[in-house]
Amino acid sequence: MKRTLMLATAVAFGTFTSLASASGLPPLEQKERYKVGFSQMESNNPWRIAETKSFHDTAESCGWDLIATDAAGSAAKQVADVDSMIAQGIDVLFLPPREEKPLIPAVKKAKAAGIPTFLVDRSVDPNAAKAGEDFVAFLGSDFIDQGRRVAEWTIENFKGDKAVIVELEGTTGSSPANDRKKGFDDRILQDERFEIVASQSGDFARDLGRQVMETLLQAHPDVNVVYAHNDEMAIGAIQALELAGRKPGEDVLIVSIDGTRDALQAIIDGKMGVTVESSPFFGPLACETMKRYAAGETIEPWVQVKDRIFTPENAAKHIDEAY
Ligand code: AHR
C-alpha cells in the first residue's frame, strides 16, 4: 500500500529518478525509443546466434535502437565493447558476461555512467557485484538445477552396474560452467554406481569438445557416460566416439544441456539420452523487464527462466521449434 502510494506520487511528480537513486541504481525514464546496448560474447554456436537474433527480433516492437557487438570469445574485447557503448550514450545495457570476474569493471563502469545494466543468461561473481546495487537484475536460468536435473535423469536411465563418466566443462570461469558442474557432480556422486574419471573444459565449443573427447578417450577407453555442459560439446563428443568405433546411445550414454536442433535430432536418432533446456530467447523478457524498471517497479534480483527437459519421449514433438 505504502509502495503503491509512493509510486502514484512518483508518477504525479515525475520523481522516478529519485526512487531509482534511493536504491543506488541509475534510473531509466519512460520514453518511446531507447538506445540499447547488447554485448554478445561470441557467435560460435547456435545458442549464441539464437540469443543475438532474439534481441534483434525484439528491437522494433520494444522501441530499441539496438547496438549489438560480438566479443569473439574474448572477455577483454567484451569489456572494450561495453566501453564503446557507454561512449555512444546508450540508455540501457544488456550484458551476458563471458566469465564471472573479468566483466565486473564493465558492470561498475556502466553504473558510474548512469546506465542501468541487466545481466542476461550468465552472471558475475556475486561477491564482487550484486543485483539491486551494481546492476539491476540477472535474467536467466538456474544452472545448478540444470546440472542436477541431468544427473537425476542419468541416475534413472543408466542401465549398467558401474558408470565411468567423462565431463566436458564449459568456459572456465563462466557461471554456467561453475554451476552446471556443481549441480551435476553433487547429485550424481550420491549414487555409488557413478564415478567421474575426468573433467576438462571444451569451452562450450563443438570442435574443442571433440578434441578433448578424443584425448580423454585414450586415457579412459572404458568411459560409458559423457556429461557435456552444452549440446555443442555433446555433438563434438559423439563425433569423437564414433571416429573411435564407439556407438553413442548404445555403449555410451550422452547427456547434456541447451536444447539445440542438433541435440534433439541426436536424441531422435538414439545417439543422445537427454538435454535439459537452457533457453536463448531473451529478447522479449529483456523488453518486459526493462519496461517494468522504467515504470518504477523494483525488479527482483533474479528474473528466473524456467526450463523444460527433452528426452526420447518428447524430442520429436519439439524439434521444429528448436534452433
Ligand atoms: O550461458 C549459456 C551457455 O552458453 C549455453 O549453454 C551455451 O551453449 C552458451 O555458449
Side-chain angles (χ1 to χ4, degrees), residues 38-55 68-75 77-78 94-103 118-126 138-150 167-184 201-210 212 226-238 254-267 272 274-283 285-286 302-310 322-323:
F38 172 62
S39 164
Q40 183 55 281
M41 66 187 76
E42 58 212 355
S43 302
N44 63 343
N45 77 39
W47 199 100
R48 292 282 140 210
I49 292 165
E51 186 185 46
T52 303
K53 182 173 183 310
S54 180
F55 273 87
T69 52
D70 176 358
S74 157
K77 173 159 182 345
Q78 198 174 20
F94 291 106
L95 174 66
R98 187 170 198 271
E99 291 139 55
E100 282 195 327
K101 290 188 198 298
L103 268 298
F118 298 83
L119 300 188
V120 289
D121 116 57
R122 292 189 189 178
S123 198
V124 290
D125 180 350
F138 165 58
L139 282 51
S141 295
D142 184 338
F143 294 136
I144 294 182
D145 192 55
Q146 291 174 343
R148 188 192 56 73
R149 290 171 76 192
V150 176
E167 180 167 349
L168 298 177
E169 299 174 17
T171 299
T172 304
S174 70
S175 58
N178 293 341
D179 292 354
R180 287 172 182 172
K181 179 165 185 60
K182 179 171 176 37
F184 180 85
S201 177
D203 203 21
F204 283 127
R206 183 181 295 209
D207 206 43
L208 198 56
R210 181 184 55 73
V212 171
V226 174
Y227 166 47
H229 289 189
N230 80 343
D231 287 344
E232 281 297 278
M233 293 189 296
I235 299 295
I238 289 174
I254 317 289
V255 294
S256 168
I257 294 169
D258 267 357
T260 64
R261 179 178 290 272
D262 285 356
L264 265 56
Q265 190 59 54
I267 294 175
M272 231 175 107
V274 73
T275 183
V276 168
E277 183 184 34
S278 195
S279 173
F281 301 115
F282 279 97
L285 183 64
W302 182 1
V303 181
Q304 201 174 327
V305 174
K306 296 285 174 210
D307 298 310
R308 297 169 293 177
I309 184 164
F310 302 120
Y323 49 95

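Just so you know, these numbers come straight off a predicted model, no measurement behind them. Each ligand, and each atom within it, is numbered from 1 in the order the structure gives.
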### Message
Taking a cutoff of less than 4.0 Å between a non-hydrogen atom of the residue and any ligand atom, is Ser278 in contact with ligand 1?
### Response
no
For [atom], the protein heavy atom that lies nearest, with its residue and separation:
| atom | result |
| --- | --- |
| atom 8 (O) of ligand 1 | Asp258 OD2, 2.6 Å |
| atom 10 (O) of ligand 1 | Asn45 ND2, 3.1 Å |
| atom 2 (C) of ligand 1 | Asp121 OD1, 3.3 Å |
| atom 9 (C) of ligand 1 | Arg48 NH2, 3.3 Å |

### Query
What are the atoms of ligand 1, with element, lying closer than 4.0 Å to any heavy atom of Arg122?
1 (O), 3 (C), 4 (O), 9 (C), 10 (O)
### Task
Please identify which atoms of ligand 1 are closer than 4.0 Å to at least one heavy atom of Pro176.
1 (O)
### Query
More than 12 non-hydrogen atoms from neighbouring residues, nucleotides or ligands closer than 6.0 Å to NZ on Lys77, yes or no?
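Yes, because the 6.0 Å sphere around NZ of Lys77 holds more than 12 heavy atoms from other groups.
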### Message
So that I can tick it off, tell me whether Arg48 and Asp121 are bridged by a salt bridge, with the cut-off set at under 4.0 angstrom between side-chain N and carboxylate O.
### Response
yes
### Message
Less than 4.0 angstrom from a charged side-chain N to a carboxylate O is my criterion; do Arg122 and Asp179 meet it?
### Response
no
### Message
One residue to check: Arg180. Relative to ligand 1, which of side chain, backbone, both or neither has a non-hydrogen atom less than 4.0 Å away?
### Response
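Side chain only.
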## Note on the structure
Only residue of Ser141, Ser278, Ser279 satisfying side-chain hydrogen bond (donor to acceptor under 3.5 Å, both in side chains) with Asp307 is Ser141
#### Entry: Residue selection (non-hydrogen contact nearest atom 7 (C) of ligand 1) among Asp231, Val120, Asn230, Asn44
Asn230
### Task
Please confirm whether His229 comes within less than 3.5 Å of ligand 1 when only nitrogen or oxygen atoms on both sides are compared.
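Checking ligand 1 against His229, no N or O pair falls under 3.5 Å apart.
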### Parallel, tilted or perpendicular, as decided by the 30° and 60° cut-offs, for the rings of Tyr227 and Phe184
parallel
### Message
If we ignore hydrogens and angles and just use 3.5 Å, is the side chain of Arg261 paired with the main-chain N or O of Ala322 as donor and acceptor?
### Response
yes
### Query
Going by atom types alone, do Ser256 and Asp231 pair a side-chain donor with an acceptor below 3.5 Å?
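Checked: Ser256/Asp231 side chains pair up, N/O donor to acceptor below 3.5 Å.
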